[in-house]
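Just so it is clear: chains get the letters A, B, ... in the order the sequence lines come, proteins before strands, and each one is counted from 1.
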Amino acid sequence: MEKTYRHSIPFVYKLLAGFLFFLVMFVIAMLFGAADTTIRDVWLAVSSQAAEEKISLIRDLRLPREIAAIFVGAALAIAGAIMQGMTRNPLADPGLLGLTAGAHAALAISLALVPSASSFVLMLACMIGAAAGAALVFGISAGKKGGFSSLRIVLAGVAVSSLLYTIAEGVGLAFKISKDVSMWTAGGLIGTSWSQLQVIVPCITLGILLSLLLSKQLTILSLSEEVAVGLGQKTTRIKILLFFVIIMLTGASVALIGNMTFIGLMVPHIVRTLVGTDYRSILPMSALVGASFMLIADTLGRTVNAPYETPVAAIIAVMGLPFFLFVVRKGGSALS
Amino acid sequence: MVRLYTSDLRIGYGERLIVKDLSLKIPDQKITAIIGSNGCGKSTLLKAITRIIPHQSGAVILDGEPIAKENTKELAKKLAILPQTPEGASGLTVGELVSYGRFPYQKGLGRLTKRDVAVIDWALEVTGTKEFMHRPVDALSGGQRQRVWIAMALAQDTEMIFLDEPTTYLDLAHQLEVLELLHRLNVEQRRTIIMVLHDLNQAARFADYMIALRDGQIVKAGDCEEVMKPDVLKKVFQIDAQIGRDPRTKKPVCLTYDLIKGEAK
């Protein structure tokens with residue numbers, strides 16, 4: 001007999017509902033766009049080898065792009081959730097704390113130095129950059145006693161991010177690769193190819209699986225450092241592991257689509273209102289909601305001003321900024 | 001019998017020494033209260049004994065072994081600590097939070113076993129928190145919340161429970177409620193309780209053994225009759241205290257006190 005201590009609706013049903021919502025968003029994302037598409041076309045594109053123009057368009061352009069949206073959305077949402085839990089900072093987000101900027105700078109530098117770099121090398125570079133960005137932000141904000149106050153970290157994040165963006169831009173100009181770099185900066189899902197996905201999807205999948213394995217430890221850590229140690233957690237080891245997971249997820253995401261702020265901030269907060277503050281529930285739910293969110297944003301991006309594209313990053317930012325301000329106003333209590 | 005003691009314990013942050021060469025014994029199956037003024041090192045001492053922070057030299061010995069060498073999870077089965085006013089992740093339900101007390105006993109993804117469920121149930125029952133088991137922790141009052149955290153420490157099923165100022169921010173009735181709960185656990189379950197307390201009279205009323213600290217060193221350790229004395233309180237708090245007797249509990253109480261002025265420490 002298994003007895004659980006949970007909210008009224010069992011988590012499994014909530015997860016199932018989340019999954020259905022995600023599926024619907026996926027279908028919608030596949031159907032709407034510049035070219036008229038029917039469910040039958042999508043089905044053919046996925047299941048057959050049919051080579052009609054319309055169908056291969058779906059297969060080679062829209063499908064990889066939506067798959068990228070799904071994985072990046074899930075990765076960034078989980079990375080944000082882990083960061084919020086680890087730092088107990090409701091404003092933590094890979095975009096706000098210098099990780100994506102670091103990855104972005106690393107991307108520019110590697111494109112400049114090794115123009116022919118493979119997706120895999122670029123992804124590694126992005127991960128290293130993300131780690132460096134995070135190290136800078138935490139290094140700066142940890143300086144004095146008083147520790148990691150929420151706003152101080154965000155301020156450090158803004159400062160470090162601008163520095164890193166400037167570096168990326170400078171490198172872009174100096175090596176005359178601004179255009180290549182800005183393709184990523186715009187946060188584009190445009191031009192996602194199957195070959196990129198082959199490298200990045202396994203990495204993100206691994207990161208998500210690891211995060212789920214660590215979710216219980218994360219909840220304990222999110223209670224407080226002292227409580228975690230008191231319960232017998234080896235906190236340093238767990239924090240290092242979690243940090244690697246964050247770096248993996250963020251680095252891979254940036255390598256695929258460039259900057260994307262706010263999704264990691266927003267999604268976990270929305271998820272908490274749905275499933276509570278146990279990370280065993282938050283993480284899987286964040287993955288689903290994050291993926292759905294990116295699908296919505298991308299669908300909007302393709303349809304709002306068709307036939308022109310509106311950058312996904314812009315759409316996410318438009319939705320995310322009010323949310324950010326809301327969390328700032330609510331202060332620390334927003335964590336729960 | 002003494003299961004837990006420290007020898008020449010030295011604790012500090014960087015250059016700053018908080019606790020200097022402190023040796024003390026924690027009596028088994030008793031309630032011990034650590035008292036002292038702000039910044040005297042009592043919380044630091046509590047954290048070092050429960051290895052939440054490391055010590056610089058000396059040793060904390062539990063059952064003949066230094067705790068520094070003990071496996072963290074094994075140690076968490078022997079002693080539980082309730083830090084001062086824990087706050088994080090208060091959106092967890094009471095049941096969820098208390099069930100995390102079973103963490104040291106779980107392996108891998110760790111589903112709750114029958115034994116876990118039984119202990120959690122008992123912890124909720126004995127702290128009177130079962131009725132709001134499905135409510136989020138932050139929807140509770142301060143006193144209820146404190147009892148929930150105590151329930152989590154109880155779910156750890158340890159023989160020793162450490163508490164850092166368990167009555168802070170509670171009103172008088174709720175303070176007493178928490179202390180009586182701890183007293184009951186000590187009497188009925190023979191748990192060893194070690195807590196930092198601010199209130200002298202509460203310490204005298206509930207503790208079997210009192211440790212008075214000043215500048216990271218023991219001024220006096222013993223039962224309340226030995227510690228609740230004007231000369232001890234003078235050294236510990238720089239106060240001129242008048243000690244009387246509680247008409248109900250017959251324990252010593254500090255009736256009134258004045259600051260001692262113009263006297264060098």
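Between A:Gly232 and B:Lys73, the shortest heavy-atom distance links the atoms O-CG, 3.4 Å. The minimum heavy-atom distance between B:Glu96 and A:Asp278, with the atom names listed, is OE2-CB, 4.1 Å. Counting all heavy atoms, side chain and backbone alike, B:Phe103 lies closest to A:Gln217 at CZ-OE1, 3.3 Å. Across A:Leu231 and B:Met152, no two heavy atoms sit closer than the pair CD1-CE, 3.8 Å.
There is no contact between B:Arg102 and chain A, counting heavy-atom distances below 4.5 Å. Using a 4.5 Å cut-off between heavy atoms, B:Lys47 contacts chain A through its side chain alone, with no backbone atom that close. Heavy-atom distances place no part of A:Glu225 under 4.5 Å from chain B, backbone and side chain included. Neither the backbone nor the side chain of B:Leu75 comes within contact range of chain A, judged by heavy atoms closer than 4.5 Å. For B:Leu79, the part sitting under 4.5 Å from any heavy atom of chain A is the backbone (N, CA, C, O) and nothing else.
Taking OG of A:Ser222 as the start and CG of B:Leu92 as the end, the distance is 6.5 Å to the nearest 0.5 Å.
The local environment of NZ in B:Lys77 is crowded, with over 12 non-hydrogen atoms from other residues, nucleotides or ligands closer than 6.0 Å. The neighbour count for A:Phe19 CZ, taken as heavy atoms of other residues, nucleotides or ligands under 6.0 Å away, does not exceed 12. More than 12 heavy-atom neighbours from other residues, nucleotides or ligands sit within 6.0 angstrom of NZ on B:Lys20. Atom CZ of A:Phe244 has 12 or fewer neighbouring heavy atoms from other residues, nucleotides or ligands inside a 6.0 Å radius. Around atom CD of B:Glu159, no more than 12 heavy atoms belonging to other residues, nucleotides or ligands sit under 6.0 Å away. Within 6.0 Å of CZ in A:Phe243 there are more than 12 heavy atoms belonging to other residues, nucleotides or ligands.
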Would you please test A:Val227 and B:Trp149 for side chain to side chain contact (heavy atoms under 4.5 Å, CB included) and show each step? CA-CA 10 Å; A:Val227 171; B:Trp149 282 99; 3.8 Å; yes
Before giving the answer on side chain to side chain contact (heavy atoms under 4.5 Å, CB included), spell out for B:Thr50 and A:Val229 the whole-Å C-alpha distance, their side-chain angles and the decisive distance to 0.1 Å. CA-CA 9 Å; B:Thr50 51; A:Val229 180; over 6 Å; no
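Not one N or O on the side chain of A:Gln233 forms a donor-acceptor pair closer than 3.5 Å with the backbone of B:Pro104.
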